Protein chains: 2
Amino acid sequence: MSRLAKERYAVMIEKLKRSGLKSTPQRLAIMRVLSENKEHPSVEAINKRLQKKFPGISQATVYRNIMLIKSLGEVLEIGFAGGGSRYDGRKPYSHPHVVCLECGKIIDPELASLRDMTREIAAGSGFEIKSFRLDFFGLCPACRNRK
Amino acid sequence: MSRLAKERYAVMIEKLKRSGLKSTPQRLAIMRVLSENKEHPSVEAINKRLQKKFPGISQATVYRNIMLIKSLGEVLEIGFAGGGSRYDGRKPYSHPHVVCLECGKIIDPELASLRDMTREIAAGSGFEIKSFRLDFFGLCPACRNRK
DNA sequence: TCGCAATTGATAATCATTATCAATTATGAA
DNA sequence: TTCATAATTGATAATGATTATCAATTGCGA
């Protein structure tokens, strides 16, 4: 477990305790997966990952716990129009993503020119900005070569 | 009908003819709404707008024609995780939006710092970038005051 | 004017997500 | 440690936007 994963897991546990809700094995395992997994896993991927430790864990349980963790502010939901949301428990705040249209791979890119965008938008539109979503869609290196 | 609306409508008609498909009254009316409407209308909004001219027009017809126009590359779909996609027939290419979390209003902001973002992402990630999606979420001036 | 493929309206099907509910379990007090 | 009880789970039904299906209608070229 990496330094970041440990820290993320600890924060989730802390928030869970403060909320007064229960620490079930399934819940803790889901938090662990979200803390460790860098692939921006889907509900299906998380469920699959947990089948070893919890054979027969319900999809409903995964959905419910992700909802809870989201309400605690400890996971970022990356939703798409057609369904199949992806989750980022390591950086639970707005940040850009690059999505492969072919294989679904998602990475967190560097983006220096992001700096003052939100400020610029707020100033120009009069909106009070709470969050943003920035996705780039294309073909990852592997899928480019495969063509 | 504004200059832009006329032009957008003409382009859609042109592409439609080149595709060999039929020019039905419903189809033309949907193109007209997409060309004129600046509110990034939803399917429901488009349908409502058309009820005057086409009482009883089917939701399915609106969905189908939007799909067609999208395949012609003449409307931008702004989809959201929970459904309720919005459509922009005036700027059918990637551009940023500001979305009000309260009333659903969507505007097209100015954003100078957008410039070389796509290029920067492509260079840094190795992806071949095809499109992007940039949304800012917050409260519009009207909804801010209402609080 | 005809013939036919495309289109429409009505409606059923799909599918990810959410809600429901009986059985089980975590947790704090005695 | 045992109990009481509210929270949680697993199974499954419900939801709701979007898509597919199909018989009847219509645009359009010959």
Side-chain angles (χ1 to χ4, degrees), chain A residues 12-34 40-72 75-87 104, chain B residues 12-34 40-72 75-87 104:
Chain A
M12 290 184 193
I13 297 295
E14 167 60 21
K15 287 244 189 136
L16 177 60
K17 284 195 175 149
R18 253 187 289 162
S19 78
L21 297 174
K22 293 180 179 173
S23 299
T24 66
Q26 293 92 333
R27 179 166 291 165
L28 298 183
I30 290 167
M31 288 181 166
R32 203 179 181 95
V33 170
L34 288 174
H40 309 81
S42 63
V43 163
E44 190 188 350
I46 295 168
N47 186 286
K48 193 175 223 173
R49 187 81 167 60
L50 291 173
Q51 285 301 328
K52 309 167 191 176
K53 207 160 198 170
F54 297 91
I57 187 175
S58 172
Q59 291 272 71
T61 296
V62 178
Y63 272 109
R64 272 188 304 239
N65 278 290
I66 286 177
M67 252 191 294
L68 166 64
I69 300 167
K70 198 171 56 157
S71 77
L72 296 176
V75 70
L76 179 73
E77 181 171 37
I78 309 164
F80 298 95
S85 285
R86 306 279 288 265
Y87 298 90
Chain B
M12 289 183 193
I13 297 295
E14 168 60 21
K15 287 243 190 138
L16 177 60
K17 284 193 176 151
R18 252 187 290 164
S19 78
L21 297 174
K22 293 180 179 174
S23 298
T24 67
Q26 294 92 331
R27 179 165 291 167
L28 298 182
I30 290 166
M31 287 182 167
R32 203 179 182 94
V33 171
L34 288 174
H40 308 81
S42 63
V43 164
E44 189 189 351
I46 294 169
N47 186 286
K48 193 176 223 174
R49 187 80 168 60
L50 291 173
Q51 285 301 328
K52 308 167 192 174
K53 209 159 197 171
F54 296 92
I57 188 174
S58 171
Q59 291 273 71
T61 295
V62 179
Y63 272 110
R64 272 188 303 238
N65 279 290
I66 287 178
M67 251 190 296
L68 166 64
I69 300 166
K70 198 170 55 155
S71 77
L72 296 176
V75 69
L76 178 73
E77 181 169 38
I78 310 163
F80 298 95
S85 285
R86 306 278 288 265
Y87 298 90

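Naming: A, B, ... by sequence-line order, numbering from 1 per chain. Everything numeric here is computed off the predicted structure, so don't read it as measured data.
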Open item on the list: Rounding to an integer number of Å, can you tell me how far A:Q51 CD sits from D:dT9 P?
Closed with: 14 Å
Task: Which residue lies more 5' along DNA chain D, comparing B:K22 with B:K70 via nearest heavy atoms - done: B:K70
Task: Separation of C:dT17 P from A:N47 CG (nearest whole Å) - done: 13 Å
Open item on the list: I need the CE-P distance between B:M67 and C:dA6, as an integer number of Å.
Closed with: 16 Å
- [ ] When you get a sec, tell me which of D:dT9, D:dG27, C:dG9 is the closest nucleotide to the side chain of A:T61?
- [x] D:dT9
TODO: Measure the distance from CG on A:L28 to C1' on C:dT27 and round it to the nearest whole Å.
DONE: 14 Å
Task: Of A:I57 and B:S23, the one whose closest DNA chain D nucleotide lies more 5' - done: A:I57
TODO: Would you kindly give the CD-to-P distance between A:E44 and C:dT17, to the nearest whole Å?
DONE: 10 Å
- [ ] Taking only the side-chain nitrogens and oxygens of A:S85, find out if one of them lies under 4.0 Å from OP1 or OP2 of C:dA16.
- [x] no
Open item on the list: Distance check needed: C:dT7 P versus B:I66 CD1, whole Å only.
Closed with: 16 Å
Open item on the list: Out of the candidates A:V75, A:L68, A:L50, only one should pair with A:I30 under the side chain to side chain contact (heavy atoms under 4.5 Å, CB included) rule; please name it.
Closed with: A:L50
Open item on the list: Regarding A:R27, tell me which of base, sugar-phosphate or nothing describes its non-hydrogen contacts under 4.0 Å with the strands shown.
Closed with: sugar-phosphate
Open item on the list: Are B:I46 and B:I66 packed together at the side-chain level, in the sense that at least one heavy-atom pair is separated by less than 4.5 angstrom?
Closed with: yes
Task: Selected nucleotide, minimal atom distance to A:Q26 side chain, candidates D:dG10, C:dG9, C:dA26 - done: D:dG10
Open item on the list: Strictly below 4.0 Å: does A:Y63 bring a side-chain N or O up to OP1 or OP2 of C:dT17?
Closed with: yes
Open item on the list: Do the side chains of B:R18 and B:E14 get close enough for a salt bridge, i.e. N-O under 4.0 angstrom?
Closed with: yes
TODO: Could you tell me whether B:P55 contacts a base, only the sugar-phosphate backbone, or nothing, with contacts defined as non-hydrogen atoms closer than 4.0 Å?
DONE: nothing
- [ ] Could you tell me whether A:E77 atom CD has more than 12 heavy atoms of other residues or ligands within 6.0 Å of it?
- [x] yes
Task: Length of the CZ-P vector between B:F54 and D:dT25, whole Å - done: 18 Å
- [ ] Verify the neighbour count for atom CZ of A:R49: are there more than 12 heavy atoms of other residues, nucleotides or ligands below 6.0 Å?
- [x] no
Open item on the list: Assuming nearest nucleotide by heavy-atom distance, tell me which of B:A81 and B:A60 is located more 5' along DNA chain C.
Closed with: B:A60
- [ ] Mark yes or no for whether A:N47, through its side chain, and A:V43, through its backbone, hold a donor-acceptor pair below 3.5 Å.
- [x] no
- [ ] Would you indicate what A:Q59 reaches in the nucleic acid, counting non-hydrogen atoms under 4.0 angstrom: base, sugar-phosphate, or nothing?
- [x] nothing
Open item on the list: Looking only at the side chain of A:N65 (C-beta and beyond, no hydrogens), which of the listed nucleotides D:dT9, C:dG9, C:dA6 gets closest?
Closed with: D:dT9
Task: Phosphate OP1/OP2 of C:dA10: any B:S58 side-chain N/O under 4.0 Å - done: no
Task: Euclidean distance, atom CG of residue B:L68 to atom C1' of C:dA5 [Å, nearest integer] - done: 15 Å
TODO: Kindly point out which of D:dT18, D:dT9, C:dT8 is positioned nearest to the side chain of B:R64?
DONE: C:dT8
